[in-house]
Enquirer: 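Below are the structure tokens for one structure; questions will follow.
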2 protein chains.
Amino acid sequence: MGNVTAPAPGQTSGASGQSAAGSTATGSNGASAKNGAARQPKAAAARASRRRSGAPAVSEPDTRERILAAGAALVGAKGFNGSGLSEILERAGVPKGSFYHYFGSKEDFGVALIERARDEYLDSLRTHLSERKRSPLSRLRSIFEDTRAECDRNGPTVECIIPKLALETATLSDPVHAAVKCAYQQWSALIAQVIREAQAAGEVARSHDPDHLADVLVMLWEGAAVRMQIDRSIGPLDDFLAFVFDTLLPARR
Amino acid sequence: MGNVTAPAPGQTSGASGQSAAGSTATGSNGASAKNGAARQPKAAAARASRRRSGAPAVSEPDTRERILAAGAALVGAKGFNGSGLSEILERAGVPKGSFYHYFGSKEDFGVALIERARDEYLDSLRTHLSERKRSPLSRLRSIFEDTRAECDRNGPTVECIIPKLALETATLSDPVHAAVKCAYQQWSALIAQVIREAQAAGEVARSHDPDHLADVLVMLWEGAAVRMQIDRSIGPLDDFLAFVFDTLLPARR
DNA sequence: GCTCGTATTAGACCAGTCGTCTACAAGTCC
DNA sequence: GGACTTGTAGACGACTGGTCTAATACGAGC
């Protein structure tokens, strides 16, 4: 390691690559894998071609999605390494054999999990942000308030598998890391855009640089989310809202 | 703010308690543990009595500490569940059999890890904050700048096992959760204290409530730390410093 | 030197891990 | 109907996980 680099935030899904995993062993085991070539899920190509040809796709009702949903729930609760495939699949009501039909490996599955969460979240964000009848600042606020409400509904211990997976696996697995990084960049960019609109509308002081401010908001929100899990209370999210919208942004000056 | 509360942050170490772990299983396994009483490390009592009697303690040179150090490094890199005892002990140069002489369980070990990190960090904080010859605001700044410098030295992927352990295990293990919560409360309290001093010295606007502001700083810093791991760059920490000390605090008004 | 009691270690243990493999059911095309 | 592909099904294997018992190393007392 030692490097840092930034390998093109786009491309995330696809081939695994099998990053450095057990290469640290100092003593006995040494080489453990005989595989050299990357496995591929078999189903991905099929799915793509089927979609392309517009077939009704009677089968594969939602197996893949069921696995992902169960995985998201369990990983959210017990972490990625803490969740075994067996339990995920048991909850999804899907046999083991099907898993490797849809995903190349557990790591692949992790990437898919992140992409799913990211797409879902960013979509809801875009929905909120495109509500043209509300002012930019009010739209921005609604984003966070809605997430807060959701956390309130689901209990403070769920939610936000992205930072969880990020901290847990990003040090190890490059594909997961890339997916997470990409998610954050898009998120930040969206926020920056609303901030610009809010500034144009005179709702936010122009002294703030939109990109930096967006990064700060994202970081603060993430910190609040972490704190929420630690305190097991959504208080931190309220603190976030109060600080950002009552103190920080309306810097009328 | 709502809640926050403060349930006696002291007491964290000691008996484990074996919190709810597998109680969520829907299907087969169900009960997995046969133990009801808490195990105890055997060595803890000995250590205590030895220390009490002032013996030179020739044996146990630093075995426990070596395990902790190796554990902190590995857990920081691969997460708690991702780090096996075998590898930790191998790195520490300690035989596997010795582990349960010093720790009651892996969970106990996790608590010890957090307490070690917390004590170390809070101690350095107190050192910084008690430097009477510097102004409060400058002391506050030096805290974060020093940590930034350390991250710069060690690379952005290490550091901060506390939020890592927090997100990874706090959902499951009550003792770990308690230790983490305690750490944050103390941290926040320390920051709030400096803020008060800075306000008294006229360095920070009195319009801020010290406790809330401290919480915000901690959350933002935590978010920056998470982001640092994701970006694999200390840029977020710089953003933090710039925002807090150039924009947020000097709200001269 | 021998025994005894404690501090420490070696290695067995089994549950659980991810991943593979073969067998089978269902749908589609010739 | 038979040869494909797509997806389901779960047993199986090699391996590692944390845990614990049985044995060692070591120092004190006689």
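This is a predicted model, so every value here is computed, not measured. Labels below follow one simple rule: chain letters A, B, ... track the order of the sequence lines, proteins then strands, and each chain is numbered from 1.
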Enquirer: To the nearest Å, give me how far apart CG (B:N81) and C1' (C:dG16) are.
Expert: 13 Å
Enquirer: Decide, yes or no, whether a salt bridge links A:K164 with A:E168 under the criterion of side-chain N to carboxylate O below 4.0 Å.
Expert: no
Enquirer: Closer than 4.0 angstrom, basic N to acidic O: yes or no for B:K78 and B:E87?
Expert: yes
Enquirer: Look up atom CD1 in B:I143 and atom CG in B:L125, then write down how far apart they are to the nearest 0.5 Å.
Expert: 4.0 Å
Enquirer: Measure the distance from CD1 on A:I88 to C1' on C:dC18 and round it to the nearest whole Å.
Expert: 11 Å
Enquirer: Please state how far atom CD1 in B:I67 lies from atom P in D:dG18, giving the value in whole angstrom units.
Expert: 13 Å
Enquirer: Check this for me, if you would: do B:D239 and B:R227 make a salt bridge, where the nitrogen-to-carboxylate-oxygen distance has to be below 4.0 angstrom?
Expert: no
Enquirer: Which nucleotide sits closest to the side chain of A:S86: D:dG18, D:dT8, C:dT17?
Expert: C:dT17
Enquirer: To the closest 0.5 Å, what do you measure between CZ (A:F80) and CG (A:L167)?
Expert: 14.5 Å
Enquirer: Any side-chain N or O of B:H101 under 4.0 Å from OP1/OP2 of C:dA7?
Expert: no
Enquirer: Quick one: B:L89 CG to D:dC20 P, roughly how many Å, whole number?
Expert: 15 Å
Enquirer: When you compare the protein's N or O atoms with those of nucleotides 9-11 of chain D, which come within less than 3.5 Å of each other, and at what distance?
Expert:
unit_1, atom_1, unit_2, atom_2, d
D:dG10, N7, A:G97, N, 3.1
D:dG10, O6, A:G97, N, 3.4

Enquirer: To the nearest Å, how far apart are B:D108 CG and D:dG18 P?
Expert: 14 Å
Enquirer: Counting just side-chain N and O atoms, does A:Y100 come under 4.0 Å of either OP1 or OP2 of C:dG19?
Expert: yes
Enquirer: Just how far, in rounded Å, is P of C:dT17 from CZ of A:F80?
Expert: 13 Å
Enquirer: Just grab all the salt bridge (charged side-chain N to carboxylate O under 4.0 Å, His left out) pairs involving residues 97-106 of chain A, residues at least two apart or on different chains.
Expert: none
Enquirer: In whole angstroms, how far is the P atom of D:dT19 from the NZ atom of B:K106?
Expert: 8 Å
Enquirer: Should A:R64 and A:D108 count as an ion pair when the cut-off is N to O under 4.0 Å?
Expert: no
Enquirer: What integer distance in Å separates A:F99:CZ from D:dG7:P?
Expert: 16 Å
